[in-house]
Amino acid sequence: MTTILLARHGETDWNRDGIWQGWADPPLNETGRAQARDLAEQLRHVPFDAVYASDLKRAHETAEIVAAAHGVPVVADPGLREIDVGSWSGLTRAEIEERFPGGERPDGETRDEHATRVLAAVERIARDHPDGRILLVTHGGTMRALHGHVSDEPAHPVANCGVLELHFRDDRLGLPMS
């Protein structure tokens, strides 16, 4: 069994201001860096065989901060990216409602396309680390997509630097056994 710790990146100015990011690439702000340092402290005594991160700055920088204490390099993987929100990127919810009445996105990825992409990436990474413990630093939408794959329970918003544990056993991704 492979243990997977999924962590959401720290805060960016766009998170703080309610702006949709998608594949846009704003860096962490000072609050986000502090959140990443807190996560590093929280996970200080948890050994990792590998650390992977979305290739977007906010996730990769969070992973670098957490991985530094472990001496494990961070591998950037674009398969772990947030959903591509297309024309919604850089807009607030109010701006989206004004520009796109009915809430339909004209471009970007569908939720199913996003879920298929991230599930394939996580399964590929897990297969590369049988019986290991890996940290994947990614995005809120990506974590919700993976949660939706393993559980029928509603996925709640994930706080910046929030963590979800998953297990990969018998070639299937699932929640830890209780």
Side-chain angles (χ1 to χ4, degrees), residues 3-48 50-70 72-86 88-96 105 108-109 111 114-115 117-119 121-122 125 133-151 153-167 173 175-176:
T3 300
I4 300 165
L5 296 180
L6 289 172
R8 184 178 178 204
H9 62 79
E11 183 186 83
T12 68
D13 287 346
W14 286 28
N15 289 135
R16 182 196 62 216
D17 298 340
I19 298 171
W20 287 66
Q21 296 175 110
W23 285 9
D25 208 12
L28 295 178
N29 60 24
E30 285 310 311
T31 298
R33 288 183 191 95
Q35 291 167 334
R37 288 189 298 273
D38 289 346
L39 178 60
E41 179 59 27
Q42 175 188 339
L43 299 177
R44 184 168 47 104
H45 297 294
V46 178
F48 301 120
V51 178
Y52 289 77
S54 158
D55 62 337
L56 298 175
K57 289 177 197 165
R58 58 196 183 267
H60 199 270
E61 184 179 357
T62 301
E64 290 282 350
I65 292 168
V66 175
H70 295 271
V72 177
V74 176
V75 178
D77 191 316
L80 299 174
R81 278 186 176 196
E82 179 63 279
I83 189 169
D84 177 6
V85 295
W88 288 12
S89 184
L91 303 178
T92 63
R93 187 171 299 282
E95 290 168 329
I96 290 168
R105 245 186 316 112
E109 287 179 297
R111 288 181 194 267
H114 174 239
R117 172 174 54 81
V118 299
L119 182 61
V122 171
I125 292 166
R133 179 179 286 118
I134 54 178
L135 173 67
L136 306 181
V137 182
T138 187
H139 306 272
T142 298
M143 291 176 70
R144 284 189 302 278
L146 291 166
H147 183 272
H149 176 76
V150 300
S151 175
E153 296 294 317
H156 300 287
V158 179
N160 290 106
C161 288
V163 176
L164 171 65
E165 182 175 329
L166 299 176
H167 290 169
L173 192 64
L175 293 169

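For the single chain, residues carry numbers from 1 onward in sequence order.
- Closest of all the heavy-atom pairs between Arg144 and Ala155 is CG-CB, 4.0 Å.
- A donor-acceptor distance shorter than 3.5 angstrom exists from the side chain of Arg8 to the backbone of Val158, with no hydrogens or angles considered.
- The minimum heavy-atom distance linking Trp88 with Ile96 is given by the pair CE2-CG2, 3.5 Å.
- Smallest separation of non-hydrogen atoms from Leu80 and Ala53: CD1-C, 3.9 Å.
- Remark: side-chain polar atoms of Thr62 are paired, donor with acceptor, to backbone N or O of Gly10 under 3.5 angstrom.
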**Asked** Does the side-chain contact (heavy atoms from CB on, under 4.5 Å) test come out yes or no for Ile4 and Leu173, once each step is laid out?
**Response** CA-CA 9 Å; Ile4 300 165; Leu173 192 64; 3.6 Å; yes
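- Looking only at distances, a side-chain donor or acceptor of His70 sits under 3.5 Å from a matching main-chain atom of Leu43.
- A distance-only check finds no donor-acceptor pair linking the side chain of Glu109 to the backbone of Ile83 [under 3.5 Å].
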**Message:** Evaluate Val137 against Val66 for side-chain contact (heavy atoms from CB on, under 4.5 Å), listing each step before the verdict.
**Reply:** CA-CA 9 Å; Val137 182; Val66 175; 5.6 Å; no
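- With values rounded to the nearest 0.5 angstrom, Thr12 atom OG1 is found 8.0 Å from Arg16 atom CZ.
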**Item:** Candidate pair His9 and Leu56, rule side-chain contact (heavy atoms from CB on, under 4.5 Å), full reasoning
**Value:** CA-CA 10 Å; His9 62 79; Leu56 298 175; over 6 Å; no
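- The closest donor-acceptor contact from the side chain of Asp25 to the backbone of Lys57 lies under 3.5 Å.
- Residues Phe48 and Ile134 share a closest heavy-atom pair of CD2-C, 4.3 Å.
- Using a distance-only test at 3.5 Å, with no hydrogens or angles considered, a donor-acceptor pair links the side chain of Trp23 to the main chain of Glu82.
- Between the side chain of Ser89 and the backbone N or O of Gly22, no donor-acceptor pair lies under 3.5 Å.
- Checking side-chain atoms of Arg81 against main-chain N and O of Ser54 turns up no donor-acceptor pair under 3.5 Å.
- Although no hydrogens or angles enter the test, the distance criterion places a donor-acceptor pair under 3.5 Å between the side chain of Arg105 and the main chain of Asp84.
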